[in-house]
Amino acid sequence: MLTSHEVMERTRISRATLNNYIALGILPRPIVGLAGPQSGGARRIGYFDDNAIERIEHVQDLKKQGLSMADIAEQFSEEIGGEEQVLPLAREATNDDASSRISELPPRAAPAPPRVVQPGRALRLSIEELPHPAYMVNNNFELEWWNHQAAQEIFHRRQGLAAEIEARNVFRLMLEAHEAPGERDWLEALRLHIGVARNRVPAEALAALAPHIGADNAELLVRLHRETPSVGKRHIVRVAAELTDELGESVAYDLHATFFREGVLFAYLPTEDDPESLLDLLARRDMVIRGLLRQRLPALTHLGVLVADLENSDELRAMLAPEDYFALVNDVWRAMEVVFRRYHGTHGKHLSDGLVYYFFPQPDCNYVMNALECATELRETMRRVSREWSARHAGVGELRLTMGLAEGQEWFGCLSSSTNVEFAVLGDTLARARALADLASDGAIWATKDMIAGLGADERARVHHGIRQSHAGGGQALMPSVYAPVSRLGDIAARRADALEKYADLIVTEVADVWDGEKRDTAG
């Protein structure tokens with residue numbers, strides 16, 4: 001048997017290349033055992049069969065012949081199988097079950113606390129050039145981006161991320177990759193993630209991972225959630241962490257967490273490396289987040305879509321001087337952005353003088369309810385903007401937004417250029433929300449029946465919605481909790497018949513208000 005160090009020395013390949021050969025299936029996973037005295041202080045080390053040298057030399061010959069690594073991996077794919085083996089000497093590190101690991105967790109006082117790091121100045125890197133493991137999680141702690149090094153060295157993944165965003169939970173992926181999280185140093189990496197997530201992810205959400213990671217591992221996460229203090233959103237937080245790589249060997253890192261509105265970036269720097277280049281990169285926050293958003297991986301996710309249009313915009317453009325019209329639209333956007341942030345909305349592509357925002361599942365609140373509450377608060381905000389503009393511009397009249405809401409499961413991703421990033425949705429959910437915004441008038445909010453059906457019974461009781469019907473003597477009243485197909489909406493449907501033909505059978509309702517516990521007066 002050959003140690004990993006002997007394999008690398010005799011074939012003159014790097015550790016990263018050796019890990020890559022394992023990830024591609026060119027080499028079988030090593031047998032992991034306790035390291036000997038000549039192993040540079042490592043506690044465990046990977047052992048390979050003697051034919052590993054021959055395999056690597058064969059790979060090198062194929063590369064000289066011009067074959068790609070994908071072609072080479074395909075040649076070897078049928079030869080390698082089986083799971084990682086563990087020598088008896090290593091059983092002490094891997095044989096305990098999760099319940100015993102929970103009872104033997106090191107005390108919270110023992111590890112050094114996370115350190116706040118001040119960035120320095122060094123040779124500048126971009127996020128694409130970062131040579132160390134790094135990944136970004138959203139506010140649900142689901143992976144939205146990772147680099148090749150993180151996939152291989154941290155998560156031990158041979159395949160890409162799952163399409164469904166729920167399957168990208170970082171705690172689930174970490175526990176799947178590391179079967180012995182009771183080791184003190186690795187546990188500190190998990191604790192940092194828990195501390196960062198503590199104010200956003202409730203313990204119940206971690207317990208709900210049990211079907212995927214096992215009841216004992218879920219109990220471990222819940223216990224850590226209870227014991228670990230929250231890590232505040234400081235600029236950069238760092239802890240020491242030791243993880244097991246694809247070779248089964250321990251690698252020491254300084255793990256850095258950097259906070260952005262869109263999520264948290266985790267970057268692993270080998271402890272022997274100079275940190276200045278990484279810290280300089282993390283200090284350039286705008287550049288980092290633009291780079292991350294450009295590389296954000298598409299995901300299949302449930303989401304709510306809100307489209308808001310400035311009503312009578314054609315008349316306003318004709319009435320106002322160009323500079324005044326642009327000032328009006330910018331005032332509207334700025335006022336609305338505060339509301340969208342409050343309800344965890346993510347901006348989409350602006351539609352002329354309209355707005356598109358997306359609402360995603362949250363660990364501590366219902367994203368559908370967020371979209372509905374956001375819409376009704378936007379209406380109140382628009383009334384304030386209208387009062388301010390009417391006071392300064394005689395004849396403008398009342399300014400209103402018409403809004404459409406829809407919910408569905410769609411692919412969500414980014415469209416980017418060298419200078420701009422826009423979020424985009426593939427599928428019909430956005431089109432339905434746009435159609436309902438076109439359908440609305442007089443500041444109305446329209447939503448699909450499916451969206452209201454996505455609420456729990458208590459939440460539905462808070463939403464005042466229905467279909468308006470005309471009185472015999474004139475005027476209209478809202479018939480509560482009623483739905484109707486677009487084609488049955490009388491004058492409204494007739495006015496927009498051509499544009500809404502595709503959605504004639506869509507079942508919809510008008511949202512008049514969302515009550516906060518007690519009913520209050522509603523419009524109409």
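Computation of the quantities below employed the complete heavy-atom set of this structure, encompassing side-chain atoms and omitting hydrogens, waters and symmetry-equivalent molecules. Just so you know, residue 1 is the first one in the sequence shown, and it goes up from there.
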Can you give me the closest heavy-atom contact between [X] and [Y], atom names plus distance?
X: Ala218; Y: Ala207; value: CB-O, 4.0 Å
X: Glu153; Y: Pro133; value: OE1-CG, 3.4 Å
X: His302; Y: Phe360; value: O-CD2, 3.9 Å
X: Ala308; Y: Leu401; value: CB-CD1, 4.3 Å
X: Glu166; Y: Glu142; value: CA-OE2, 4.0 Å
X: Leu269; Y: Asp273; value: CD1-CB, 3.8 Å

Please determine, by modelled atom types, if [X] and [Y] share a side-chain donor-acceptor pair under 3.5 angstrom.
X: Glu410; Y: Thr429; answer: yes
X: His148; Y: Gln152; answer: yes
X: Asn138; Y: Glu144; answer: yes
X: Asp309; Y: Thr402; answer: no

Point-to-point distance, once rounded to the nearest 0.5 Å, from [atom1] of [X] to [atom2] of [Y]:
X: Arg226; Y: Ile194; atom1: CZ; atom2: CD1; value: 11.5 Å
X: Thr271; Y: Tyr253; atom1: OG1; atom2: OH; value: 9.5 Å
X: Thr381; Y: Phe340; atom1: OG1; atom2: CZ; value: 9.5 Å
X: Leu173; Y: Phe141; atom1: CG; atom2: CZ; value: 13.5 Å
X: Asp331; Y: Met336; atom1: CG; atom2: CE; value: 10.0 Å
X: Cys365; Y: Phe359; atom1: SG; atom2: CZ; value: 11.0 Å

**Message:** If we check side chain to side chain contact (heavy atoms under 4.5 Å, CB included) with Leu18, which of these qualifies: Ile26, Thr11, Leu27?
**Reply:** Leu27
**Fill in**
From the list Leu130, Val137, Leu282, side chain to side chain contact (heavy atoms under 4.5 Å, CB included) with Leu265 holds only for Leu282
**Asked** When you look at Leu143 and Trp145, which way does the side chain to side chain contact (heavy atoms under 4.5 Å, CB included) test go after all the steps?
**Response** CA-CA 6 Å; Leu143 261 69; Trp145 170 82; over 6 Å; no
Between [X] and [Y], is there a donor-acceptor pair closer than 3.5 Å when you use the side chain of the first and the backbone of the second?
X: Thr228; Y: His225; value: no
X: Ser386; Y: Met382; value: no
X: Arg285; Y: Phe259; value: yes
X: Asn147; Y: His132; value: yes
X: His193; Y: Met174; value: no

**Criterion salt bridge (Lys or Arg N to Asp or Glu O under 4.0 Å) on Glu337 and Arg341, from CA distance to verdict** = CA-CA 6 Å; Glu337 185 177 4; Arg341 286 192 180 191; 3.4 Å; yes
**Message:** If you apply the rule side chain to side chain contact (heavy atoms under 4.5 Å, CB included), what do you find for Leu405 with Thr448, and how did you get there?
**Reply:** CA-CA 7 Å; Leu405 293 159; Thr448 62; over 6 Å; no
Carboxylate-amine/guanidinium proximity below 4.0 Å for [X] and [Y]:
X: Arg284; Y: Asp280; result: yes
X: Glu380; Y: Arg384; result: no
X: Arg172; Y: Glu176; result: yes
X: Arg191; Y: Glu188; result: yes

**Asked** How are the rings of Tyr268 and Tyr135 set relative to one another: parallel (under 30°), tilted (30 to 60°) or perpendicular (over 60°)?
**Response** tilted
Answer whether the closest heavy-atom distance between the side chains of [X] and [Y] falls below 4.5 Å.
X: Leu316; Y: Leu399; answer: yes
X: Leu190; Y: Phe171; answer: yes
X: Gln362; Y: Asn140; answer: yes
X: Asn139; Y: Val201; answer: no
X: Asp254; Y: Pro275; answer: no
X: Leu355; Y: Val307; answer: no
X: Trp146; Y: Arg157; answer: yes
X: Thr258; Y: Val288; answer: no

**Request:** Measure centre to centre between the rings of Phe423 and Tyr358, then say whether the value is under 6.0 Å.
**Result:** no
**Asked** When the ring centroid of Tyr343 is compared with that of Tyr367, is the distance short of 6.0 Å?
**Response** no
**Message:** Counting only heavy atoms not in Glu9 (residues, nucleotides, ligands), do more than 12 fall under 6.0 Å from its CD?
**Reply:** no
**Prompt:** Is the number of heavy atoms from other residues, nucleotides or ligands under 6.0 Å of Arg12 CZ greater than 12?
**Reply:** no
**Message:** Between Leu378 and Leu306, is the side chain to side chain contact (heavy atoms under 4.5 Å, CB included) condition met? List the steps.
**Reply:** CA-CA 11 Å; Leu378 288 177; Leu306 188 156; 4.1 Å; yes
**Request:** Check step by step if side chain to side chain contact (heavy atoms under 4.5 Å, CB included) holds for Leu436 and Arg432.
**Result:** CA-CA 6 Å; Leu436 294 185; Arg432 292 197 301 272; 5.6 Å; no
